[in-house]
2 protein chains.
Amino acid sequence: MDRLHDRVGRRLASRRVRYSRQRRELAEVLAAAGRPLTTAELVARTGLPQSSVYRNLATFEQVGVVDRIAFAADHARFELAEDVTARHHHHLVCTVCGAVEDTVMNTRQERSLRRIIAALATAGAFEVDGHRLDVLGTCRVCA
Amino acid sequence: MDRLHDRVGRRLASRRVRYSRQRRELAEVLAAAGRPLTTAELVARTGLPQSSVYRNLATFEQVGVVDRIAFAADHARFELAEDVTARHHHHLVCTVCGAVEDTVMNTRQERSLRRIIAALATAGAFEVDGHRLDVLGTCRVCA
DNA sequence: ATCAGTGCAAACTTTTTGCACCGCA
DNA sequence: TGCGGTGCAAAAAGTTTGCACTGAT
């Protein structure tokens, strides 16, 4: 937790951006979630007004503290950037209820995936700096 | 092209849904794109009113003719479903300009990816029926 | 001929912004 | 104490829907 604030704080400080009470709260909620959250969820969990949630997420995104991802088009979802969590992960997306959960692959699998992607990029003259793997299927609850 | 209309037509017919002139046009534009298109792009390219574009895409999605995917939260993107194109592909997403392009992996790579995902799913008690791989980076234009 | 589909316009949802006030560096 | 941040409310952007008319089967 202190580690979280330390990392986020550093990143904000390096851009001369303040780390307010509201921003700390957002970071904590995101860190505790274990999955990407929608703005509605963030509003509910933090009690902050929508405008502050949106604006702070935008700031966080610019600074590289959060990533904005979208599974459905109607709600954006946000998660802490991997630079902050120091943990690379992917998503299990339930195509029935729309639930999204974080998941981690073991090192060998991740290495293998990276190798595949590198080959793909070479063929396409595209400079890779990351990847996003969503596994689509049915979650425990919906099965 | 005829093959496209044949496949889409069959799928619609099986659900007792009509294949109107407007729907043919949407299917053709999507097939010609080589990348997922936004609703704005579809409106521009087809000349159809927004409401028809949205409604027909919703119908197509229900019937399994198109997939709705979202890279940014502000614009949904649509592409023909793999059942229709008979071609599995992934996306190269430019993090600078937001451009998205289709890309295909060779059979060995795809098999390897599938194996990795299967392992991931077993570990998580999640029933997999597909995957989505986005390669993030910088496109030729932005490099 | 019938009922799904169309086009317009209006409603609704999600996200962004203007503005006056507040509080941290 | 100044300037970035906050909260409210209003606007903008994107998507959906009601309704009367049209057209594919």
Side-chain angles (χ1 to χ4, degrees), chain A residues 5-6 8-30 36-63 65-79 98 100, chain B residues 5-6 8-30 36-63 65-79 98 100:
Chain A
H5 290 314
D6 189 54
V8 174
R10 266 180 221 287
R11 210 158 244 271
L12 293 175
S14 76
R15 303 287 205 93
R16 259 154 234 125
V17 171
R18 295 177 190 168
Y19 198 18
S20 65
R21 192 200 82 234
Q22 292 89 333
R23 287 181 183 167
R24 276 169 211 276
E25 202 173 344
L26 272 177
E28 289 183 16
V29 169
L30 284 169
L37 297 178
T38 63
T39 52
E41 289 169 331
L42 284 165
V43 168
R45 294 180 187 206
T46 60
L48 297 177
Q50 288 202 3
S51 59
S52 293
V53 168
Y54 277 106
R55 258 193 291 226
N56 286 326
L57 288 171
T59 302
F60 277 0
E61 195 185 9
Q62 284 166 21
V63 173
V65 168
V66 308
D67 287 329
R68 169 190 293 228
I69 51 188
F71 296 94
D74 52 345
H75 286 281
R77 283 173 186 265
F78 296 83
E79 64 183 7
V100 182
Chain B
H5 290 313
D6 189 53
V8 174
R10 266 179 221 287
R11 210 158 244 271
L12 293 176
S14 76
R15 302 288 205 93
R16 258 154 235 125
V17 171
R18 293 176 190 170
Y19 199 17
S20 65
R21 193 199 82 235
Q22 291 89 333
R23 288 180 182 168
R24 276 169 211 275
E25 202 173 343
L26 271 177
E28 288 183 18
V29 168
L30 283 169
L37 297 178
T38 63
T39 52
E41 289 169 331
L42 284 165
V43 168
R45 294 181 186 205
T46 59
L48 298 177
Q50 289 204 3
S51 60
S52 293
V53 169
Y54 278 105
R55 256 192 293 226
N56 286 327
L57 287 171
T59 301
F60 277 0
E61 195 186 8
Q62 283 166 20
V63 174
V65 167
V66 308
D67 287 329
R68 169 190 292 227
I69 51 188
F71 296 95
D74 52 346
H75 286 282
R77 283 172 186 265
F78 296 83
E79 65 183 7
V100 182

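Lettering of chains follows the sequences in order, A, B, ..., and the numbering in each one begins at 1.
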Minimum heavy-atom separation for [X] to [Y], with atom names?
X: Leu57(A); Y: Leu42(A); value: CD1-CD1, 3.7 Å
X: Phe71(A); Y: Pro36(A); value: CE1-CG, 4.0 Å
X: Gly98(B); Y: Arg77(B); value: O-NH2, 3.6 Å
X: Arg23(B); Y: Arg18(B); value: NH1-O, 2.8 Å
X: Phe78(B); Y: Leu30(B); value: O-CD2, 3.4 Å

Distance check, rounded to the nearest 0.5 Å: [X] atom [atom1] versus [Y] atom [atom2]?
X: Gln62(B); Y: Arg15(B); atom1: CD; atom2: CZ; value: 8.0 Å
X: Glu25(B); Y: Arg45(B); atom1: CD; atom2: CZ; value: 12.5 Å
X: Asn56(A); Y: Gln22(A); atom1: CG; atom2: CD; value: 7.0 Å
X: Thr46(B); Y: Arg21(B); atom1: OG1; atom2: CZ; value: 9.5 Å
X: Leu48(B); Y: Thr39(B); atom1: CG; atom2: OG1; value: 12.5 Å

Could you give the [atom1]-to-[atom2] distance, from [X] to [N], as a whole number of Å?
X: His75(B); N: dT14(C); atom1: NE2; atom2: C1'; value: 13 Å
X: Arg23(B); N: dT25(D); atom1: CZ; atom2: P; value: 10 Å
X: Gln22(A); N: dC8(D); atom1: CD; atom2: C1'; value: 14 Å
X: Glu25(B); N: dG5(C); atom1: CD; atom2: C1'; value: 15 Å
X: Glu41(A); N: dT14(C); atom1: CD; atom2: P; value: 12 Å
X: Arg15(B); N: dT25(D); atom1: CZ; atom2: P; value: 18 Å

Could you work out how much the helix from dA1(C)-dT25(D) to dA25(C)-dT1(D) bends, comparing the axis of its first five pairs with that of its last five, to 10°?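 So the angle between the two local helix axes works out to 40°.
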Distances for protein N or O near nucleotides 21-25 of chain C N or O, under 3.5 Å:
from    : atom 1 : to       : atom 2 : distance (Å)
dG23(C) : N2     : Arg18(A) : NH1    : 2.8

Less than 3.5 Å apart, any donor N or O on the side chain of His75(A) or Glu41(A) sitting next to an acceptor on the other?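 On atom types as modelled, these side chains do not qualify, holding no pair under 3.5 Å.
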Counting only heavy atoms and a strict 4.0 angstrom limit, can you tell me which residues of residues 46-60 of chain B come near DNA chain C? Pro49(B), Ser51(B), Ser52(B), Arg55(B), Asn56(B)
Between Thr39(B) and Arg16(A), which has a closest nucleotide on DNA chain D that is more 5'?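 Comparing both residues, the 5'-ward one is Arg16(A).
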